[in-house]
Every structure is written in C-alpha cells, then in structure tokens.
Amino acid sequence: MDQNQKKQAVARAALAYVETDTVIGVGTGSTVNFFIDALADIKHKITAAVSSSEASTERLKKLGIDVLSLNEVDSLSVYVDGADEVTEHKHMIKGGGAALTQEKIVAAVAKRFICIVDDSKRVPVLGKFPLPIEVIPMARSYVARELVKLGGDPVYRQGVITDNGNVILDVHNLDILAPRDLEQTLNNIPGVVSNGIFALRGADVVLTASESGVATFD
Ligand SMILES: O=C[C@H](O)[C@H](O)[C@H](O)COP(=O)(O)O
C-alpha cells in the first residue's frame, strides 16, 4: 500500500464518524482531500460543512456539498482533519499547508476531533516536523527573535500568505516535551496569530492507516 492508498483508506474510515443531519467541520490537506471526495458519496446524509480553508471550500463546493460560514452555525458534530505529526497523547503539529489558524478555530467549535493520518505521521515526541506559526506580517522579525530566545530556529516560509493575509514562520529544533505549555507560551507572543501545536485541544480520536489496515485510538 503506498502513502496515497493509506490516506484514502483512513479518509474512508472517518465517514463512520459523520452523523446524519448535522453540520460537520472539514480540515485541510492531502489526507482531507480524500475525505472530501469520500464525503461526496454520502453528501445527502449531512446538512452542510464548515471549511477551514479556501482550498477545502472550493473542493467541497465542486462536489456539490453546501458550505456554511462558521458564524452561521452554533455547533459542529465532528471535525475531521489530518496532521503533520501526532503522538499517543493525541497532541498534534498542524499547519504544513498554512491553514492552522482556521483549523484551530473550527476544531474548537466541534464536539469531536477525528484526526486522520497514515503511519508516517505517528511520533513519540512532537517537533521533528518544523512547527508552523502564523504571524502578523509587521511582527515577523520580532516574533522570530522571541522564538530564538525559546531555543527555536525560525525560518520564514517564503512566498506563502495565509487565507488570513499573514505569514508563516516554521520553527526548527524546538524541544516540544510539554506541548500544552509551549502552545500557551507561543500564543502569548504579541504578533503571533496562532501556532501549530494542537494540544490544549487535541484530537478525540486518531485513525491511523498502515499496511495492516486502519487502527482506531480513542
Ligand atoms: O495546514 C495544513 C494542515 O494542518 C494539514 O492538515 C496538515 O498539514 C496535514 O496535511 P496532509 O494531510 O497533506 O499531510
């Protein structure tokens, strides 16, 4: 099974968490793209979707799935999204596709977060994947200096502007042994819009595809 087949298998497994007649939250990325494609087969089952990026909104709409703005809904039954890294504590790094801020907001509204990954994303400790941080453009250099003080090695993601009009710093070499503390510390730096640690609100269920099938961890 190649990586795309694993992504497709785990995306299809997530359909079991889609509740009838509810609005669901949809993440961003290559794994979620397989989920959106699979969702099209059962689109009559849901009321609509709330999306975490322009890319996912476009894909959902193309497949005839209604997309609502988050301000139009009070609750989401479930949020389905991929991750760049996930631990056994269901803490994640996200934002490889620069969609972290809207992903974090949509996930916060959802009753359950279903994380869908292939086995290459499972890690014992977060941090090998450079940690994405969305930053207000005029604060970029200041935030970078603060990140160096925290022991990180920030790299400006050239040519990328987020859906919110901001920039991304990818932080290498951070020791993420206490993800909830670091998530909070990073949130407190003026100019940081959000950071890619999802630990204060981690996943509720992690579905992992490997050669032997899809494993559920909840
Ligand atoms: O900003 C992007 C998101 O956090 C993605 O969910 C994450 O990067 C995983 O993407 P993929 O499924 O393409 O590996």
Side-chain angles (χ1 to χ4, degrees), residues 1-15 17 24-39 49-60 76 78-87 90-110 112-123 126-135 155-172 176 179 183 186 192-210 214:
M1 218 191 261
D2 66 22
Q3 199 180 16
N4 275 337
Q5 288 169 321
K6 289 178 185 172
K7 288 179 183 184
Q8 192 167 27
V10 78
R12 290 210 75 86
L15 291 180
Y17 294 85
I24 70 162
V26 175
T28 301
S30 57
T31 315
V32 162
N33 282 344
F34 283 112
F35 173 72
I36 295 172
D37 295 348
L39 190 62
V50 167
S51 161
S52 62
S53 64
E54 288 168 12
S56 289
T57 298
E58 196 183 316
R59 197 175 187 99
L60 286 157
L76 299 168
V78 76
Y79 177 69
V80 178
D81 202 354
D84 300 301
E85 285 184 348
V86 58
T87 69
K90 304 186 198 107
H91 298 154
M92 296 161 280
I93 284 184
K94 294 182 46 52
L100 62 158
T101 300
Q102 294 193 29
E103 291 178 341
K104 210 173 253 197
I105 296 167
V106 180
V109 176
R112 287 219 288 177
F113 186 141
I114 314 299
C115 174
I116 52 173
V117 289
D118 62 78
D119 50 3
S120 69
K121 309 287 186 65
R122 297 296 300 261
V123 294
L126 297 177
K128 204 168 177 192
F129 189 92
L131 177 65
I133 303 199
E134 180 165 352
V135 178
V155 175
Y156 173 40
R157 204 184 290 182
Q158 297 276 356
V160 171
I161 300 290
T162 69
D163 286 353
N164 313 305
N166 299 312
V167 297
I168 298 282
L169 293 173
D170 291 306
V171 192
H172 297 248
I176 312 188
E183 183 176 358
L186 294 171
V192 168
V193 178
S194 70
N195 71 84
I197 302 177
F198 284 56
L200 295 168
R201 201 278 191 246
D204 298 294
V205 178
V206 179
L207 301 176
T208 308
S210 67
V214 176

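Since the model is a prediction, treat every value here as computed from it, not as a measurement. When a ligand or atom number is given, it counts from 1 through the structure's own listing order.
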What's the verdict on salt bridge (Lys or Arg N to Asp or Glu O under 4.0 Å) for Glu183 and Lys104, showing C-alpha distance, side-chain angles and the deciding distance?
CA-CA 12 Å; Glu183 183 176 358; Lys104 210 173 253 197; 2.8 Å; yes

Among Leu76, Leu60, Ile105, which residue meets the side chain to side chain contact (heavy atoms under 4.5 Å, CB included) test with Val50?
Leu76

Sort out for me which residue in Asp163, Asn195, Asn164 forms a side chain to side chain contact (heavy atoms under 4.5 Å, CB included) with Glu134.
Asn164

Under the salt bridge (charged side-chain N to carboxylate O under 4.0 Å, His left out) test, which residues partner Glu54, sequence neighbours left out?
none

Can you tell me if Ser51 and Thr57 form a side-chain donor-acceptor pair at under 3.5 Å?
yes

Sorted by chain and number, the residues that approach ligand 1 to under 4.0 Å with a heavy atom:
Thr28, Gly29, Ser30, Thr31, Asp81, Gly82, Ala83, Asp84, Lys94, Gly95, Gly96, Gly97, Ala98, Ala99, Glu103, Lys121

The test is side chain to side chain contact (heavy atoms under 4.5 Å, CB included); show your working for Tyr79 and Ser52 and say whether it passes.
CA-CA 10 Å; Tyr79 177 69; Ser52 62; 3.8 Å; yes

